[in-house]
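In what follows, a structure is listed as structure tokens, so that the remarks can point back to it.
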Amino acid sequence: MSNDPIYVTKPFLPPIDEFKSYIDGIWDRHALTNGGPLHKELEDKLCDYLDVPYISLFNNCTIGLMSAFPVLGIKSGEVITSPFTFVATAHAIKWCGLTPVFVDIDPETLNIDPTKIEAAITPDTKAVMAVHCYGRPCDVDAIQALADKHGLKVIYDAAHIFGAEDNGGSLARHGDLAVLSFHATKVFNTFEGGAIICHDKDTKDTIDRFKNFGIVDDNRIDMIGLNGKMSEIHAAMGLAQLPHIDDAILERKRVYDLYHKLLVNVDGLRLPNFDGLARANYAYFPIIVGDDYPLSRDKLADKLRNHGIFTRKYFYPLITDLKDYPSGDFPVAKGMANNILCLPMYPDLGNDQIEAISNLLR
Ligand SMILES: *Cc1c(COP(=O)(O)O)cnc(C)c1O
């Protein structure tokens, strides 16, 4: 193995010539943003690929998460969510002037534990914002049943799920809205980007107005929208990448399979599994470092770093340990935040690199 550092991820890039041919078109047309032709083409192709009825592209997932609440008419109240996620989930709730109410996670799926949701519902509860953590599905049926019973909206932070499918299709189809991330570190990227999936034309029209300042037409602005638009150059990246994404996911599977084979018998390490999925996207390779492993999670991360291998304590610190959020007793999430470590995982991680990392872990 060379001595080059290995980072937790390395963005997947399409062949540069394929990207450039889209850029040539942008220079010809002088259409740079505001729903240009590449934007339209990417929306159509993603609806096809994900097999969802409507998608609205965004400049990133965080703005998409923030837009979800006003689009659904939620202006005040409480939103039930998971503490074990990237801070953007909770920040989006706060930016909308809403109150996040945290519920502990399931120790198997690391997603919000539906058996604990009902106890957190109050007369002020408006929605559940659940996260399909690491691309593994939430218990969508249990969450929908609770939402129906209590009249709540369901929004999925679907930042991790691109390409992941359960027996009914893409995980993106669940919930009133699902919000994807196309950030550089995600399975499918547009440099920066995101999208909201919805299920009817009226909602799509509302989302598209909202992300364009609330502008209806030359004479009317009917809500306090924001600027959530994706530019043509970002859409070009998505279009250039999409034809290669299935191959990229296959490469991720190769990485997953080799790590799994080399690490499955190491005492004290719990490996990720993608049970319950018809197709996994292998977005991350999170290991859980147990008490019976010779090093703590932090010592292990330090040791790997000394060998030029940069892992991520993803998700640490826990959101409920940040000063801007209410603390609480979430033993499962807390245990995960203290013991989880994401190993390098990306399509062109070489077998020799995976072997070297695994040898260190062993
Ligand atoms: C990456 C991520 C986001 C934020 O996505 P951006 O596109 O960077 O705004 C939100 N939620 C989760 C769970 C994420 O991993």
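Just follow the structure's listing: the first ligand is 1, and inside any ligand the first atom is 1. Residue numbers count from 1 along this sequence.
Ring centroid separation for the pair Y49 and F162 comes in under the 6.0 Å cut-off. When ring centroids are compared, Y256 and F274 come within the 6.0 Å threshold.
Considering both main-chain and side-chain atoms, T62 comes within under 3.5 Å of ligand 1 through a nitrogen or oxygen pair. Between D157 and ligand 1, at least one pair of N/O atoms sits closer than 3.5 Å. Of the polar atoms of K186, at least one N or O is found under 3.5 Å from an N or O of ligand 1, judged by distance alone. Not one N or O of L65 is nearer than 3.5 Å to an N or O of ligand 1, by distance alone.
Taking a 4.0 Å cut-off on heavy atoms, G64 fails to register as neighbouring ligand 1.
Ring geometry for Y134 versus F84: interplanar angle over 60°, hence perpendicular rather than tilted (30 to 60°).
Under 4.0 angstrom from ligand 1, the non-hydrogen atoms of A159 all belong to its side chain. Only the side chain of Y314 comes within 4.0 Å of ligand 1, judged by heavy-atom distances. The proximity of T85 to ligand 1, defined as any non-hydrogen pair under 4.0 Å, is limited to the side chain.
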- Take L361 and L300, measure what side chain to side chain contact (heavy atoms under 4.5 Å, CB included) needs, and give me the verdict at the end. CA-CA 8 Å; L361 285 159; L300 175 58; 3.6 Å; yes
- Check the pair F285, V255 against side chain to side chain contact (heavy atoms under 4.5 Å, CB included), reporting the backbone distance first and the verdict last. CA-CA 9 Å; F285 198 93; V255 175; 6.0 Å; no
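Of all protein heavy atoms, the one lying nearest to atom 15 (O) of ligand 1 is H160 NE2, 2.7 Å. Nearest protein heavy-atom neighbour of atom 7 (O) of ligand 1: S181 OG, 2.8 Å. Looking from atom 3 (C) of ligand 1 to the surrounding protein, the closest heavy atom is F86 CD2, 3.7 Å.
In summary, the atoms of ligand 1 found under 4.0 Å from a heavy atom of G193, numbered by their order in the structure, are 7 (O).
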Identify every side-chain donor-acceptor pair in residues 36-48 under 3.5 Å, counting partners at least two apart or on other chains, and give the distances.
{"residue": "H39", "atom": "NE2", "partner": "K211", "partner atom": "NZ", "Å": "3.2"}
{"residue": "K40", "atom": "NZ", "partner": "D44", "partner atom": "OD1", "Å": "3.1"}
{"residue": "K40", "atom": "NZ", "partner": "D44", "partner atom": "OD2", "Å": "2.9"}
{"residue": "E41", "atom": "OE2", "partner": "K45", "partner atom": "NZ", "Å": "2.8"}
{"residue": "E43", "atom": "OE1", "partner": "K204", "partner atom": "NZ", "Å": "2.8"}
{"residue": "E43", "atom": "OE2", "partner": "L57", "partner atom": "N", "Å": "3.0"}
{"residue": "E43", "atom": "OE2", "partner": "K204", "partner atom": "NZ", "Å": "3.3"}

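Between D222 and R209 a salt bridge is recorded (basic side-chain N to carboxylate O distance below 4.0 Å).
Counted within 6.0 Å of CG on D205, heavy atoms from surrounding residues, nucleotides or ligands total more than 12; the atom is thus considered enclosed.
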